[in-house]
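Shown next, in structure tokens, is the structure this report addresses.
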There are 2 protein chains.
Amino acid sequence: MAHSHDHHHHEARPDLTRNQDLVLRTLNGADAPLSAYDILDRLRDDGLRAPLQVYRALERLIEAGLAHRLESLNAFVCCADAGCHEKASGTAAFAICSKCGRVDEFTDAEVGERLASWAGAQGFALERTTIELRGVCQGCRTAG
Amino acid sequence: MAHSHDHHHHEARPDLTRNQDLVLRTLNGADAPLSAYDILDRLRDDGLRAPLQVYRALERLIEAGLAHRLESLNAFVCCADAGCHEKASGTAAFAICSKCGRVDEFTDAEVGERLASWAGAQGFALERTTIELRGVCQGCRTAG
DNA sequence: ATGCGTCATGTAATAACGTAACACCGATCG
DNA sequence: CGATCGGTGTTACGTTATTACATGACGCAT
Ligand SMILES: [Zn+2]
Ligand SMILES: [Zn+2]
Ligand SMILES: [Zn+2]
Ligand SMILES: [Zn+2]
């Protein structure tokens with residue numbers, strides 16, 4: 001079903017359903033993480049009525065590597081590093097500004113390796129890693 | 001500063017109030033993370049009645065480095081590495097088994113350094129770091 | 001075409017997690 | 001003494017997430 005042959009370039013997205021597309025666009029248009037209920041509020045006019053509609057879409061988007069959940073915030077952002085899902089380069093990490101709410105996604109291969117290595121040594125079957133830094137971004141610091 | 005007028009030099013613990021002590025003992029006695037409401041349920045007989053009593057105690061325990069919050073679980077554990085709070089050895093990380101719920105706390109200096117270094121380079125004033133690994137522990141894997 | 005499995009959807013109700021606001025008490029200190 | 005401070009108790013409320021059930025759309029085998 002999924003164009004097994006599209007080895008082409010910019011066809012990164014698996015086909016999204018209407019709800020998934022709405023949610024992803026909402027995340028893309030936001031300049032800070034949104035809670036599921038924030039998203040819901042912004043999509044009332046598009047017909048969404050219940051939290052579950054948003055949570056279901058988010059679940060798929062996250063599986064597809066198009067969005068992330070920020071555990072320390074109970075909120076969601078779109079992925080800023082298309083491919084962080086794919087590459088073994090390292091686990092995605094997030095720096096979250098407590099003042100302005102902006103989030104910076106990055107990866108550090110060394111960090112990913114060290115954690116994977118610890119897991120390997122312990123016989124721990126690693127499935128998913130959460131790394132979140134809380135603090136104040138440069139912009140907010142210099143702004144006073 | 002630290003060491004003003006120690007009544008009894010006996011303990012490392014800052015003096016805990018009754019509620020704080022109850023909550024800490026409950027966490028110590030558990031073999032898996034507990035939610036605030038789990039804790040509350042276990043302390044009904046000791047007179048606790050409202051979530052806020054638990055959350056307030058947890059707040060102090062976490063400040064004191066005696067407990068940790070697991071963001072990906074909305075639950076709490078007691079600190080297994082007395083001093084992870086103090087030492088610059090690295091940020092505490094947690095491996096959480098999805099099957100049995102057991103949590104393993106550890107630190108990796110290199111990981112802490114890399115993240116701190118990223119923050120420094122970005123001018124990000126790092127206040128707090130969350131690292132949580134989800135997966136299946138060795139015990140559960142071999143058990144089937 | 002009929003029926004079947006599967007996946008997305010819609011809806012209501014409820015569970016789980018967390019906080020604001022206010023009153024009270026006891027200890028400490030000028 | 002009165003003032004302040006931190007911990008406490010209680011009510012009420014706000015936010016986040018899930019369970020349960022019903023429906024609709026599609027591909028596919030009978
Ligand atoms: Zn990403
Ligand atoms: Zn900022
Ligand atoms: Zn610790
Ligand atoms: Zn296990």
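Below, read A as the first sequence line, B as the second, and so on, with proteins coming before strands; counting in each chain starts at 1. The structure presented is a predicted model; accordingly, all values stated were derived computationally and were not measured.
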Atom [atom1] of [X] and atom [atom2] of [N]: how far apart are they, to the nearest Å?
{"X": "B/Leu40", "N": "C/dA15", "atom1": "CG", "atom2": "P", "result": "16 Å"}
{"X": "B/Leu48", "N": "D/dG9", "atom1": "CG", "atom2": "C1'", "result": "10 Å"}
{"X": "B/Asp46", "N": "D/dT8", "atom1": "CG", "atom2": "P", "result": "13 Å"}
{"X": "A/Ile39", "N": "D/dT16", "atom1": "CD1", "atom2": "P", "result": "11 Å"}
{"X": "A/Leu70", "N": "D/dT16", "atom1": "CG", "atom2": "C1'", "result": "15 Å"}
{"X": "A/Glu59", "N": "C/dA8", "atom1": "CD", "atom2": "P", "result": "9 Å"}
{"X": "B/Glu71", "N": "C/dC17", "atom1": "CD", "atom2": "C1'", "result": "12 Å"}
{"X": "B/Tyr55", "N": "D/dT8", "atom1": "OH", "atom2": "C1'", "result": "18 Å"}

* Could one point to a donor on the side chain of B/Tyr37 or the base of C/dA15 with an acceptor on the other under 3.5 Å away? -> no
* For B/Arg56 and for B/Leu73, locate the closest nucleotide of DNA chain C by heavy-atom distance; then report the residue assigned to the nucleotide nearer the 5' terminus. => B/Leu73
* May I ask you to test the A/Phe94-A/Asp104 pair for a side-chain heavy-atom distance under 4.5 Å? => no
* With side chains defined as the heavy atoms from C-beta onward, is the minimum distance between A/Glu127 and B/Val136 less than 4.5 Å? ->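 A side-chain contact under 4.5 Å exists here.
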* When all nucleic acid strands are considered with a 4.0 Å heavy-atom cut-off, which category describes A/Ala36: base, sugar-phosphate, or nothing? ->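 Answer is nothing: A/Ala36 stays at 4.0 Å or more from every strand.
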Quick one: which protein N/O atoms are closer than 3.5 Å to N/O atoms of nucleotides 5-7 of chain D? Pair and distance per line, please.
unit_1	atom_1	unit_2	atom_2	d
D/dG7	OP2	B/Arg60	NE	3.3
D/dG7	OP2	B/Arg60	NH2	3.4

* **Under 4.0 angstrom between B/Gln53 side-chain N/O and D/dG9 OP1 or OP2** => yes
* Indicate whether OP1 or OP2 belonging to C/dG18 is found under 4.0 Å from a side-chain N or O atom of B/Asn74. =>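 For C/dG18, OP1 or OP2 has a side-chain N or O of B/Asn74 closer than 4.0 Å.
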When you get a sec, tell me which of [options] is the closest nucleotide to the side chain of [X]?
{"X": "A/Arg49", "options": "C/dC17, D/dA17, C/dT11", "answer": "C/dT11"}
{"X": "A/Arg69", "options": "D/dT16, C/dC17, D/dA17", "answer": "D/dA17"}
{"X": "A/Leu52", "options": "D/dA20, C/dG10, C/dC17", "answer": "D/dA20"}

* Main-chain N/O of B/Glu71 paired to B/Glu132 side chain as donor or acceptor, under 3.5 Å -> yes
* Start with the C-alpha distance between B/Arg69 and B/Ile62, add both sets of side-chain angles, then the distance that settles side-chain contact (heavy atoms from CB on, under 4.5 Å), and finish with yes or no. => CA-CA 8 Å; B/Arg69 175 186 173 87; B/Ile62 290 168; 4.1 Å; yes
* Asked: In terms of hydrophobic clusters joined by side-chain contacts under 4.5 Å, are B/Val111 and B/Ile96 together?
  -> no
* Give the C-alpha distance, both sets of side-chain angles, the deciding distance and a yes or no for side-chain contact (heavy atoms from CB on, under 4.5 Å) between A/Thr130 and B/Ile131. => CA-CA 6 Å; A/Thr130 298; B/Ile131 304 177; over 6 Å; no
* Nearest-nucleotide wise, let me know which of B/Pro51 and A/Pro51 is further upstream toward the 5' end of DNA chain D. =>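 Whichever sits nearer the 5' end wins; that is B/Pro51.
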* To do: Output all residues satisfying ring-ring contact (aromatic ring centres under 6.0 Å, His included) with A/Tyr55, sequence neighbours left out; order by chain, then residue number.
  =>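 So A/Tyr55 forms no ring-ring contact (aromatic ring centres under 6.0 Å, His included) with any residue.
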